[in-house]
Each structure stands twice: as structure tokens, then as C-alpha cells.
Student: 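I have a structure here, written as C-alpha cells, and I will follow up with some questions on it.
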Amino acid sequence: MNKVPTSEPGKSELLNDAMMNQRTPLVLGNWKMNTLPEEGRLLARQMAPTIKDGLHRRVDWGLAVPLTHLGLMATELRGHGLMGAQDCSMHERGAYTGEVSAAMLSASGCDFALVGHSERRQYHGETSIQAGLKIRRLQEQGMMAVYCVGESLEQRQSGDYATVLQTQLHEGLQGEGLSLDSSALVLAYEPVWAIGTGLTASPEQANEVHALIRDWLLRNRGPEAAAAVRILYGGSVNASNAADLLAGPEVDGALVGGASLQIRAFADIVLSAS
Ligand code: PGA
């Protein structure tokens with residue numbers, strides 16, 4: 001029996017289009033609360049040329065550094081990689097002692113900030129709703145928000161992880177006016193059980209969840225967003241496992257913690273994305 005052509009593309013065709021789209025790979029390091037400013041400067045000074053010399057196709061890369069490093073790092077990274085912060089305030093300005101606004105980050109030369117990292121959720125009680133406000137603040141300043149989502153070990157073992165991720169996506173990305181452009185929003189899938197533990201999701205597990213996330217984007221934000229938004233994998237990525245993880249068709253890059261503090265390891269991870 002002949003297939004009847006339809007004018008409306010089906011969901012799987014839209015998903016195929018989204019998958020066909022050529023997204024520029026992105027590898028970000030997250031230094032967390034490590035290094036003093038001068039050490040950081042030296043690390044970046046050596047990383048930048050090591051990466052540049054090895055690249056044979058375009059890969060975007062960058063480092064999310066402690067706030068105290070921004071001044072020095074802006075000079076080191078200019079013309080090489082993106083500079084980012086690890087968090088930002090959900091408020092625009094005002095009496096919020098200890099907070100740093102998106103406008104301040106932008107004025108310090110930041111290109112992006114992480115939002116909703118599991119360590120912020122775990123140790124500082126941050127919610128996806130708050131992460132959503134931070135994404136807004138960053139986008140208002142023309143910066144890229146890197147929204148981190150991921151399930152705990154318990155949630156993975158109970159088989160509930162798809163619901164957990166959908167809730168995080170729904171709460172963090174709700175509302176009108178959010179930019180879903182590739183330079184305004186990046187998603188990072190970071191299973192909590194894989195962060196800093198040495199346990200990594202298998203390439204199949206990572207790719208399966210990335211496909212779930214892209215499908216969520218497609219159904220809730222449309223084919224353009226699903227095609228544009230880059231989805232990074234994070235959680236114990238190192239120089240040995242990066243190539244396999246990054247080979248997944250739905251994996252657009254990596255968010256790297258511990259290994260981003262080592263020049264050769266981080267450079268190798270960036271290069272494996274090229
Ligand atoms: P890890 O950290 O690579 O050290 O597991 C990843 C992250 O927290 O972004």
C-alpha cells in the first residue's frame with residue numbers, strides 16, 4: 001500500500017531535521033572553587049595555544065572561572081575562548097549582599113554563566129524556578145545561559161529520570177520571551193551521580209537522555225529551538241572517555257569539571273570535539 005503524503009511534517013521528521021542540523025560543538029570547563037587567580041591565569045595562558053594548535057575545525061570552548069579571576073582571565077581568553085561565571089543572581093540589582101548580577105558579569109567580560117548546577121541545587125537549595133530567572137537576567141545582558149539539569153542516583157535507579165528532567169526543563173524554561181538561539185541558551189545534562197565521582201554515564205545513556213531533552217524542546221519549543229540549542233554532557237568527562245561520549249549524535253559537547261584544571265586533559269577533550 002502506498003504511503004499517503006501529508007503536508008504537515010510528522011514529529012519524527014521534525015526530529016530528523018533537528019538532528020541533521022550542524023551545531024558547532026561546545027566544550028566548557030568548570031573550575032568550581034579551585035585555583036588562585038594567578039594560577040588560573042597561568043593555566044589559561046597555556047591552554048589557549050595548546051587548543052588553538054590542535055584544532056582542525058571550529059569548536060567553541062570556554063572556562064567558567066571563580067569571580068575573583070574574571071579580570072585576569074578576560075585578558076588571557078580574549079580571542080581564544082569564552083569566559084564564564086559559575087552562577088549569577090536572579091535579581092537585577094539592589095540589597096542582595098554577596099550576590100553578583102548578570103550586568104556585573106557582563107561588564108567584567110563574561111560571555112556566559114552556568115545556571116542551576118547540581119552543586120548550587122544541592123548545597124544552596126537552588127530551584128529550577130530560580131534558575132529560570134537567572135537565565136532571563138543573563139539573556140537580558142546578551143550573555144549565554146548554560147542551564148544544567150540532571151537526576152540523582154536515586155531518581156535514576158527508580159527509573160523516574162525522564163520525569164525529573166522534564167520538570168527541570170519545564171520550570172527553568174517556562175514563560176514567554178526566552179531566547180532559544182544557540183548563542184543565548186545551552187543545556188547541560190549532568191547526572192548528579194556522575195559529577196566528581198569518576199562514574200560516567202555510558203555514551204548510550206548520555207545520548208538517550210540528550211534525545212529526550214531534544215524531544216522535549218521539539219514538543220514544547222518547536223523545531224527551530226530543537227535544532228539550535230546545544231546539549232552538553234557533564235559528569236566525570238576526561239581525556240580517555242571524551243571521544244566516545246562526544247560521538248553520540250545528540251551530544252553537542254561537554255561540561256568538564258576536574259579535568260578542566262589540567263592543561264593537556266582539557267585541551268584533548270576540546271580537540272576530541274573537533
Ligand atoms: P566533573 O564535574 O567533570 O568533575 O565530574 C562536572 C561538573 O560539575 O560540571
Student: Going by the rule side-chain contact (heavy atoms from CB on, under 4.5 Å), which residues pair with H80 if we only count those two or more places apart in sequence or in a different chain?
Tutor: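 Partners of H80 under the side-chain contact (heavy atoms from CB on, under 4.5 Å) test: A48, K52, W61.
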Student: Restricting to non-hydrogen atoms, name the atom on A184 and the atom on S179 that form the minimum distance, rounded to 0.1 Å.
Tutor: CB-OG, 3.2 Å
Student: Is a side-chain donor-acceptor pair under 3.5 Å present for E190 with H117?
Tutor: yes
Student: Kindly say whether P191 contributes a backbone atom to a donor-acceptor pair with the side chain of Y189 at under 3.5 angstrom?
Tutor: no
Student: According to side-chain hydrogen bond (donor to acceptor under 3.5 Å, both in side chains), who are the partners of R57, at least two apart in sequence or on a separate chain?
Tutor: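 side-chain hydrogen bond (donor to acceptor under 3.5 Å, both in side chains) check on R57 returns nothing, list empty.
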Student: At what distance, to the nearest 0.5 angstrom, does CD1 of I135 lie from CE of M90?
Tutor: 13.0 Å
Student: Check whether any side-chain heavy atom of N207 sits under 4.5 Å from a side-chain heavy atom of V251, and report yes or no.
Tutor: yes
Student: Looking at side-chain heavy atoms only, is the closest gap between L43 and T35 below 4.5 Å?
Tutor: yes
Student: Are any non-hydrogen side-chain atoms of E39 and L42 less than 4.5 angstrom apart?
Tutor: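 No, too far: nothing below the 4.5 Å cut-off.
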Student: Can you confirm whether the side chains of Q155 and W193 place a donor and an acceptor under 3.5 Å from each other?
Tutor: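 Absent: no donor and acceptor within the cut-off.
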Student: Residues sharing F112's hydrophobic cluster, by side-chain heavy-atom contacts under 4.5 Å among ILVMFWY, directly or via others?
Tutor: L26, L28, L82, L114, M144, V146, V186, L232, L255
Student: Which residue pairs pass the ring-ring contact (aromatic ring centres under 6.0 Å, His included) test with at least one member in residues 140-181, sequence neighbours excluded?
Tutor: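 Qualifying pairs, neighbours excluded: none.
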Student: Please report the closest heavy-atom contact between Q168 and V149, naming both atoms and the distance.
Tutor: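 So the minimum-distance heavy-atom pair works out to OE1-CB, 3.1 Å.
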Student: Using modelled atom types and a 3.5 Å cut-off, is there a donor and acceptor pairing between side-chain atoms of R230 and backbone atoms of D252?
Tutor: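 Answer holds: no.
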Student: Write out all pairs satisfying salt bridge (Lys or Arg N to Asp or Glu O under 4.0 Å) with one or both partners inside residues 262-272, taking only residues at least two apart or from two chains.
Tutor: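 Non-adjacent pairs meeting salt bridge (Lys or Arg N to Asp or Glu O under 4.0 Å): R264-D268.
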Student: Under 4.5 Å side-chain heavy-atom separation, chaining through any Ile, Leu, Val, Met, Phe, Trp or Tyr, what else clusters with I129? Say none if it is isolated.
Tutor: none
Student: Can you name the closest pair of heavy atoms from L217 and A225 and give their distance?
Tutor: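 Shortest heavy-atom separation between L217 and A225 comes out as CD1-O, 4.3 Å.
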Student: Can you run down the salt bridge (Lys or Arg N to Asp or Glu O under 4.0 Å) pairs that involve residues 233-242, sequence neighbours left out, and say none if there aren't any?
Tutor: none
Student: How would you list, by chain and number, every residue that makes a side-chain contact (heavy atoms from CB on, under 4.5 Å) with E154, sequence neighbours excluded?
Tutor: S152
Student: Would R214 and E250 pass as an ion pair if we require N to O under 4.0 Å?
Tutor: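 So R214 pairs with E250 through a salt bridge.
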Student: Heavy-atom distance under 4.5 Å between the side chains of E126 and K134, does that happen here?
Tutor: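 Yes, side chains in contact.
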Student: For E224, does the CD atom sit with more than 12 other heavy atoms under 6.0 Å from it, leaving out its own atoms?
Tutor: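 Counting neighbours around CD of E224, 12 or fewer heavy atoms of other residues, nucleotides or ligands fall under 6.0 Å, so no.
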Student: List, by chain and then residue number, the residues other than L72 in its hydrophobic cluster (Ile/Leu/Val/Met/Phe/Trp/Tyr, side-chain heavy atoms under 4.5 Å); write none if there are no others.
Tutor: none
Student: Please list, one pair per line, the donor and acceptor atoms closer than 3.5 Å that link side chains of residues 100-109 to other protein atoms, with sequence neighbours excluded.
Tutor:
unit_1, atom_1, unit_2, atom_2, d
S101, OG, A103, N, 3.4
S101, OG, M104, N, 3.1
S108, OG, M104, O, 2.8

Student: Indicate whether the side chain of D181 and that of S183 have a donor and an acceptor atom separated by less than 3.5 Å.
Tutor: yes
Student: Donor-acceptor check, side chain of N238 to backbone of A259, threshold 3.5 angstrom: yes or no?
Tutor: no
Student: Holding to side-chain contact (heavy atoms from CB on, under 4.5 Å), I want the full list of residues that pass it with L55, two or more places apart in sequence or in another chain.
Tutor: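 Expected list: I51, V59, V270, L271, S274.
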Student: Listed by chain and number, what are the side-chain hydrogen bond (donor to acceptor under 3.5 Å, both in side chains) partners of R41, not counting sequence neighbours?
Tutor: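 Scan of R41 (side-chain hydrogen bond (donor to acceptor under 3.5 Å, both in side chains), adjacent residues dropped) gives E38.
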